[in-house]
Amino acid sequence: MISDVCIPNRLNIIEEDDPLGKRTIKARKLIFHSYKASLELLNNQNSLYLLKNKLNYFNHNVSNKKMQAYKRFFEQSINFGNGYTFVGTNKSTHFDDLIKPHNCLKIGTSCGSLEINTKECFDHFISLFFGNTSIKITTEFPRMRKVPSFPNYLKPRITDNEMDKTKGTRMFSNPKNDFMTAREVNVQNNKDNQMKESFTAQKRKLGPRRGFSTKFVSPLLANMENEKSSQNSELRGSSQNEEVDERLKNIEPRMVELIRSEIMDIQQKLTWDDIAGLHSAKRAVQEAVVWPLLRPDIFKGLRRPPKGILLFGPPGTGKTLIGKCIASQSKSTFFSISASSITSKWIGDGEKMVRALFAVARCHQPAVIFIDEVDSLLSQRNETEHESSRRIKTEFLVQLDGATTESEDRILVVGATNRPQELDEAARRRFTKRLYIPLPDYEARLDLLQRLLSKERNIMNGNDFDEIARKSEGFSGADLRNLCSEAALEPIRSVDCRKLDQIDITEVRPVAVDDFFKSFTVVRASVSSKDLDQYIEWDKTYGSGSGNP
Ligand SMILES: Nc1ncnc2c1ncn2[C@@H]1O[C@H](COP(=O)(O)OP(=O)(O)OP(=O)(O)O)[C@@H](O)[C@H]1O
């Protein structure tokens with residue numbers, strides 16, 4: 001299994017020729033380990049798939065410059081002096097080519113692979129490949145097995161027929177490998193079935209999920225020890241569903257993995273009551289998102305929920321908070337997507353990512369795709385913009401429209417923006433519910449202030465709260481939060497800073513209304529009345545009438 005022969009997680013940068021120096025050894029180690037892993041895994045397509053993914057990540061994470069340096073190692077021909085040679089792949093330098101130890105030929109051919117059919121030959125390869133170095137390489141002879149059927153990515157570069165014509169030996173020409181007795185076949189089948197069963201028994205629907213603040217960690221860059229322990233669970237959980245799912249057949253595994261990493265798991269449970277005010281917006285979202293996802297049997301036909309919802313309004317008013325609440329409450333798979341996770345520097349990749357996003361979402365229905373700052377992804381198309389960004393938008397609109405989705409697909413796209421006027425008109429139409437998330441009114445401000453202060457020792461009474469709530473008119477939720485943070489710092493500021501390291505927390509005085517008066521002098525409303533007018537105007541023209549906070 002991969003855990004025994006896993007490929008190295010890190011390779012030092014190779015910037016200059018370094019024959020059999022540290023860097024050469026490391027590059028060769030990568031070649032060796034992935035080659036050996038692939039030999040061991042030839043009978044296990046699931047593991048091969050994982051190995052390929054890992055190598056893909058590796059490809060992805062290695063810059064062009066480094067790639068050029070690695071290329072030198074792939075291009076080297078290594079003559080083993082025993083009739084066999086490693087012929088470098090001079091066309092492709094993709095690491096995943098390393099998992100193609102097929103079409104093994106003798107000297108003079110250019111299959112880019114090795115023929116290692118005996119332990120002696122394998123040991124010889126190790127000694128020549130690594131020279132007389134002190135690097136320790138485990139050289140157990142890998143159990144080479146015949147692949148029952150090649151998945152697409154493992155298709156031989158030369159077909160058997162072509163091979164016969166060109167005098168070469170065929171892959172697994174060793175009759176021992178070609179022929180299996182009925183008993184051996186039976187044993188093999190049983191093993192495969194057992195493996196399949198163990199996968200299904202421990203299959204997780206979504207694989208490892210991430211939290212809001214957790215960064216995606218490439219499996220290749222993760223540390224070796226961690227990886228070893230997580231190998232098995234990763235194997236079982238990560239790619240099983242997608243591999244067999246028809247809907248992902250034409251999607252690159254790398255993209256599927258990238259999209260899967262955007263699936264979000266809210267560790268901190270949020271309820272609708274945690275959002276102050278915004279009653280009509282919350283009701284509209286619940287009606288359009290949560291209830292239909294919970295009871296699809298009721299919400300069909302005319303009651304069918306919208307495919308797209310737009311949350312627009314000034315910054316810091318709780319749009320993202322509503323997104324988090326949907327994730328927490330709707331019991332659906334929640335994808336939190338930003339423009340940067342979709343767009344790619346590689347032309348053509350962006351639209352593929354969009355396609356992958358919807359394909360993966362379809363596999364994990366019911367699903368909610370939340371796109372923060374959606375205007376940056378779906379801004380108005382114009383003549384001057386780059387072709388690739390136009391294509392991303394077009395693909396998004398097509399997917400949003402449902403031209404390629406089934407009518408019963410339960411995928412909802414929720415976009416949040418504070419620049420609704422910049423949205424492409426075709427995108428605007430597709431967000432059938434456009435909900436205005438306004439600044440909090442007096443009640444909401446009071447509620448929010450009391451909540452925020454409830455976590456802090458304070459000596460404020462109802463009148464104090466009332467006064468601050470009135471004084472903070474025009475503040476957004478985020479501004480109020482800043483105001484409270486600033487006020488909560490005042491008691492600390494009144495402490496002699498020389499004693500700060502010794503002082504007990506109980507000696508810090510509680511927050512008082514005067515602290516708020518001070519903080520009003522440094523924290524101001526972040527939204528101007530001119531901006532507000534624009535939102536109100538846009539809401540009147542295009543909004544779905546949720547403007548009452
Ligand atoms: N209605 C609200 N109830 C509770 N907290 C709120 C509310 N509005 C804003 N906040 C606070 O303000 C912070 C910022 O809110 P949020 O990120 O949801 O704003 P946003 O509208 O998405 O802003 P932006 O448009 O800049 O992304 C939240 O973490 C929360 O603490």
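Values below: every heavy atom of this structure, side chains too, minus hydrogens, waters and symmetry copies. Every number for a ligand or one of its atoms is a count from 1 in the order of the listing.
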- Message: Is it the case that ligand 1 has an N or O less than 3.5 angstrom from some N or O of D372?
- Response: no
- Message: Counting only heavy atoms from other residues, nucleotides and ligands, does the tally under 6.0 Å from CD of E422 exceed 12?
- Response: yes
- Do you see a donor-acceptor pair shorter than 3.5 Å between the side chains of R362 and Q399? yes
- Message: What I want to know is whether L278 and ligand 1 share at least one N or O pair that is separated by under 3.5 angstrom.
- Response: no
- Message: Taking the ring centre of each residue, are Y436 and F312 less than 6.0 Å apart?
- Response: yes
- Identify which one of I322, L311, L278, V414 satisfies the side chain to side chain contact (heavy atoms under 4.5 Å, CB included) criterion when paired with L435. L311
- Check N418 against ligand 1 and report side chain, backbone, both or neither, counting heavy atoms closer than 4.0 Å. side chain
- Item | Subset of ligand 1 atoms that lie under 4.0 Å from at least one heavy atom of R481 | 31 (O)
- min-distance protein heavy atom vs atom 14 (C) of ligand 1 -> A478 CB, 4.1 Å
- Message: Whether R451 and D447 form a salt bridge (side-chain N of Lys/Arg under 4.0 Å from carboxylate O of Asp/Glu) is what I want to check.
- Response: yes
- Task: Starting from atom 26 (O) of ligand 1, find the nearest protein heavy-atom neighbour and note its residue, name and distance.
- Result: P315 CB, 3.5 Å
- Message: What protein heavy atom lies closest to atom 21 (O) of ligand 1? Include the residue and the distance to one decimal.
- Response: K319 NZ, 2.8 Å
- Message: Assess the residue pair D515 and R509 against the criterion (salt bridge (charged side-chain N to carboxylate O under 4.0 Å, His left out)); give the C-alpha distance rounded to whole Å, side-chain angles, the decisive distance to 0.1 Å, and a yes or no.
- Response: CA-CA 11 Å; D515 298 323; R509 71 167 173 79; 3.0 Å; yes
- Message: Working note: R470 + E467, criterion salt bridge (charged side-chain N to carboxylate O under 4.0 Å, His left out); need CA distance, chi angles, decisive distance, verdict.
- Response: CA-CA 5 Å; R470 281 183 204 291; E467 194 175 355; over 6 Å; no
- Short N or O distance, A276 and ligand 1, threshold 3.5 Å exclusive: yes
- Message: For a quick check under 3.5 Å, do Y442 and D466 share a side-chain donor-acceptor pair by atom type?
- Response: yes
- Note on the structure: Ranked by distance from atom 15 (O) of ligand 1, the top protein heavy atom is G318 N, 4.0 Å
- Item | Top protein contact for atom 4 (C) of ligand 1, by heavy-atom distance | L448 CD1, 3.3 Å
- Message: What protein heavy atom lies closest to atom 28 (C) of ligand 1? Include the residue and the distance to one decimal.
- Response: L321 CD1, 4.4 Å
- Proximity to ligand 1 by part of T417, non-hydrogen separation under 4.0 Å: neither
- Query: In the protein, what heavy atom is nearest to atom 23 (O) of ligand 1, and what distance, to one decimal place, separates them?
  - Reply: G316 N, 2.8 Å
- Cut-off 3.5 Å, side chains only: do S485 and N482 have a donor facing an acceptor? no
- Message: Measuring from non-hydrogen atoms of D447 to any atom of ligand 1, is the shortest distance under 4.0 Å?
- Response: no
- Task: Tell me, yes or no, whether the heavy-atom count around R419 atom CZ, taken from other residues, nucleotides or ligands under 6.0 Å, exceeds 12.
- Result: no
- Query: atom 22 (O) of ligand 1: which protein heavy atom is closest, and how many Å away?
  - Reply: T320 OG1, 2.5 Å
- Per-residue contact class, E373 against ligand 1 - non-hydrogen pairs under 4.0 Å: side chain
